[in-house]
Number of protein chains: 2
Amino acid sequence: MNVSDVITKGGLPGLKEKRCTQKRNIVSFLYRQGDLSKPEMCRLTNMTAPTIGRMLEELMAEGWVIDLGCGTSGGGKRPHIFSLKRDAAFVLGVDVGREYLKVALFDLKHEVVGRIFVYPSKLEVAERDDVLNDIAGRVEDTLAFLGVERSRIRVAGVSLPGLIDREGNTYTYLTYENPGLKERLGQLLEMPVFIDNDSNAIAVAEHAFGVAKGINNVLCISINECVGLGMILDSRLYVGGNGMAGEFGHIRISGLDTPCQCGKVGCLETVASSRAIVKAAKERMVKMPDGESVTLEGVIRAARKDELSAIELLQQVGEKVGEGIASLLHLFNPDMVVLGGEIVKAGDLITVPVRQAMNKYALARIRGHCELRLSDLGGDAAILGTQLMAMGHLHQKTGMTFALYE
Amino acid sequence: MNVSDVITKGGLPGLKEKRCTQKRNIVSFLYRQGDLSKPEMCRLTNMTAPTIGRMLEELMAEGWVIDLGCGTSGGGKRPHIFSLKRDAAFVLGVDVGREYLKVALFDLKHEVVGRIFVYPSKLEVAERDDVLNDIAGRVEDTLAFLGVERSRIRVAGVSLPGLIDREGNTYTYLTYENPGLKERLGQLLEMPVFIDNDSNAIAVAEHAFGVAKGINNVLCISINECVGLGMILDSRLYVGGNGMAGEFGHIRISGLDTPCQCGKVGCLETVASSRAIVKAAKERMVKMPDGESVTLEGVIRAARKDELSAIELLQQVGEKVGEGIASLLHLFNPDMVVLGGEIVKAGDLITVPVRQAMNKYALARIRGHCELRLSDLGGDAAILGTQLMAMGHLHQKTGMTFALYE
DNA sequence: AATACTTTCTAAAATATTTTACAAAGCAGA
DNA sequence: TCTGCTTTGTAAAATATTTTAGAAAGTATT
C-alpha cells in the first residue's frame, strides 16, 4: 500500500478498504487535532492499543506519520507522540478577493510553505477568462518559486466573494456554466479544485486557528466592500440548503431606506460596507489624516487621531451593525460573534457601539451568553480557511477523512 | 444479556460493551428508519451479513426485534424484513401548553398508544407546584387508563413554551432551581425526564413525521399566542449555544414601534401573535361569525366567510411574517419553511401574503430554493416531537443509540 | 532512595469479523 | 418452462481485533 492508496477510495476489496478507512481516520484526527499519543488515538477511534499500533507502523512505513518521541507524562510512562509528516502532501489555497489575489501552499500541519503570495486582483477589472488565466499564471509562478512539484499537491481550495452554491457554482463573479468554474480551474491548475464563498472560508479559519478556536457556535461577520457572514453551528460549517446562507448584508434593518445594489431597500450593506462608509464620510466631509482620498482605512485612522466626525460615523455604523447582530443573537444564540475585515483596525471604536446596540436590542439571557471579539487573523483568514474547505470537500468526494468542514 | 443491558451503557468490559454498542446501533437505525432488511443494515452499518445476522439473532432472542418475513424483491431472492418489537419499550410524551396539557404514550414505532390525552392546562393560572402536581396526576391517570406499567416506560419528554436552555433549565415557565424542573418532574413521574422548548419539539416532529419529512434544512414557524421558531439544519435540530436559538418572535421588524411584553420595541410578536391579531381585530371591529368574543380562530372563520376586514388583517399579518421570513431566508437559506400553529387554519389567506412578502424582500436565488408549506400535524406536532427529543437526550446520557435529534 | 502506583506498550491467547464458497430463492427473457 | 442472472443467506476457513498478562518507564509518597 502506498501513499495514494490512503488517499483514493474505492476499488479495493472489503477488508483492505476497511483498513484503509481506519488509517484515513487516524490521518484525519492527526490533521485536525494535531499531534497525538497512542492512548489518545485509542480514545478517539474506539480501537485498542495493539490495533492502533499496527496502523501507525504501516502509516510510518508509508511516509504519512512520524514518531516525535516521548511527550509529557500524565503520571506514568511517557507516551510516544505521533505526528503527520508535514510534507507528505500539500494543499493549495487561493483567495480571489476584489483587491488582492492571494496564493499559498499549505503543508499537513496547516502551515504556510514559504509565505502567502499577494498579487493585484483582476476580479473586478478584467474579463472572466483573463481573470482565470491570471490566477493560473500566478499559481504557476508561485509553485515554480517554491520549487514544489504539482504531483505533491493533493487539492486546491479557492475562495471567492458573491453567491456560490453547495456544488461550487458561482453566481456573482466568474460565472461559468458547463463546464463550471471548478472544472475550468481544475484543468488549468491540473489538480482537483473546490470553490467556496470567502465568508465561509473565513468562518472556518476563525474556528480552527483564530479567536473562535474550539468555540461551538460562532458567527463570523466580515466588513469590507461587502458585509459577509460565515457560520459555525455545533462546530460544523453551516452553508444552507443551497450553499447561500449568511447573506447578512442584505437583511433589512429598521430605519434605513437607501436602495441597495442588490435591488432591495434598507439592506445593512447600505450603511455598513466600506463603500457605504466612504460615501458617508465624503458627505460629512470627514477629514482624512494626510489629506489623501477618502477610504475606510483613512476614516479609521482619522478616528484614531480623535477626529470627532470619524468617531461618530463609526459609532453610527456600529449601532446599525449591532442592531443586525441582535437579530442574529435571537435567531442563532451563538457563543461568539467575530468581527473581521478592514473594520477590525477600528478596534474599540467599532466594538463599543456594536456591543451597546447588542445590549439595547437583544434579550439579556441570550446576549449575556455571547462574546464579541475582533478577528486576529489579519486579512488572511479566507486563504487560511481554503485549505480546510478543500480537504473537507476532497473527503466527501474521495472518502479521504481529512475532513473537518464539509 | 437482557433488555436493559441494551439500554444502559457502561460498566461492561470492552468487548461486551462494543457488541452492545453495535446492537444499539441496529436498534437505533430501526427506530429512526423503520423496518430494514439484512443487506440494508449491512450498508448502513458497514458490517457484513454474518455479523449483522448474529446481532439480529441476539436481538430477537432478547425481545427487541422481530422478523416480519419476506419483503419485496429487488431482482433476486426476497430479503427478510426486520422490525423493532413495538412494545419492547415505551416513551412518555407530555406537552405543557398554555391552553392544553397533553399526555401520550408512544411505542417504538412512534405510534401513539390508545390516543393523545388532552386536559386543560394550569400553566398560566396556577402556582408552579400546583402545575407540577397536576401534570403528575394526569400522567398517573393516563397510564392507569392505558394499563401500562411504569417499568416499561424508558423515558419521558416534556415540551414547554418559553426560554429553556440546553440542560432543560426553564427561565419563563415553571422556573425551579436546585433541584430544577427536570429533577422534580423526574421524581414525581418516577422516570428520567427531559425538558425541551415546544418550538424545537415541533421542528423535530415536522422533520420526522410532517410535511418536512426528510428535508435537510427546515425552519418551522408556529404562530399561536407566541411566535416560535424551531430549526432543523443539515438534518439536525439546532438549538444554539445556550439552547435558546429561534427567538424569531423578538427580532425587530421595520415599521413597527409597538412595545412588546419582552421589554423591547417593534418585535414581530407585536403583530403576528394570536394575542396581537385579536387586539387588532377588536380595534378594527372585525365581525365574528357568530357574534361570539374575538379569537384568532374567529378571525380566520370570518375571513373564510369573506369578511373583508378579516382578510385584510390576515394579509397585513402575513406581510409582516413574510418580511421576517425573508430575513430568515437570507440567513439560513432553508429548503423549506413550515408554518404551524393556530394560523394554519387560515390556509391560503395567510400563505399567499407571506409568500408575496418573501418574493418582495428575498433574493430570487434564495427564495426560489425554498418551499413554503403549512403544517399538517394539527396541534399535535409538539407532543409527537417529545418522544424523539427524549430518546435523543437519553442517548446522549446513557449511550442508547435511539437518538435522532440531540 | 525505596516503594507503591500509574500509564504506556507489546507479545501471545482468546475471541470476532470477514472472506470464500456455495446454496437458495426470485426475476426476466427466450 | 427453462436458462441465465441477481440478490439473499449461511457454513467453514482465513484474517483481524481484543483480551490477558506482564514488562517497561515514568510519578508521587514515604
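Quick note: numbers below take in every heavy atom, side chains included, and nothing from hydrogens, waters or symmetry partners. Proteins come first, then strands; the chains are lettered A, B, ... in the order of their sequence lines, and each starts at number 1.
Distance B:Leu36 CG to D:dG9 P: 12 Å, rounded to the nearest Å. For A:Met47 and D:dT18, the CE to P distance is 8 Å, given to the nearest whole Å. Computed from coordinates, the B:Arg19 CZ to C:dA16 C1' distance equals 8 Å when rounded to whole Å.
A salt bridge between B:Lys213 and B:Glu206 is absent, with no side-chain N of the basic residue lying under 4.0 Å from a carboxylate O of the acidic one. We find that A:Glu371 and A:Arg373 are joined by a salt bridge, their nearest charged nitrogen and carboxylate oxygen being less than 4.0 Å apart. A:Lys182 and A:Glu167 are not joined by a salt bridge, as no carboxylate oxygen comes within less than 4.0 angstrom of a charged side-chain nitrogen.
Under the side-chain contact (heavy atoms from CB on, under 4.5 Å) criterion, B:Asp87 pairs with B:Lys85, B:Phe90, B:Arg152, sequence neighbours left out.
Remark: the A:His369 side chain and the B:Asp165 side chain contain no N/O donor-acceptor pair separated by less than 3.5 Å.
The cationic group of A:Arg32 lies under 6.0 Å from the six-membered ring centre of A:Phe29 and within 45° of the ring axis, placing it in a cation-pi geometry.
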Taking only nitrogen or oxygen atoms into account, show me every contact under 3.5 Å that the protein makes with nucleotides 5-10 of chain C, one pair per line with its distance.
residue, atom, partner, partner atom, Å
C:dT6, O2, A:Gly75, O, 3.4
C:dT7, O2, A:Lys77, N, 3.0
C:dC9, OP1, A:His80, N, 2.6
C:dT10, OP2, A:Lys38, NZ, 2.6

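The rotation axes computed at either terminus of the helix from C:dA1-D:dT30 to C:dA30-D:dT1 lie 30° apart, taking five pairs at each end and rounding to 10 degrees.
Phosphate contact (OP1/OP2 of C:dA16, side-chain N/O of B:Thr51, threshold under 4.0 Å): absent. Put simply, B:Gln22 has a side-chain N or O that comes within less than 4.0 Å of OP1 or OP2 on C:dT17. Considering only side-chain N and O atoms, A:Arg54 lies nowhere under 4.0 angstrom from the phosphate OP1 or OP2 of D:dA16.
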Check the pair B:Asp335, B:Asn217 against side-chain hydrogen bond (donor to acceptor under 3.5 Å, both in side chains), reporting the backbone distance first and the verdict last. CA-CA 5 Å; B:Asp335 304 307; B:Asn217 298 277; 3.1 Å; yes

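Using a 4.5 Å heavy-atom cutoff, the side chains of A:Trp64 and A:Leu56 are not in contact.
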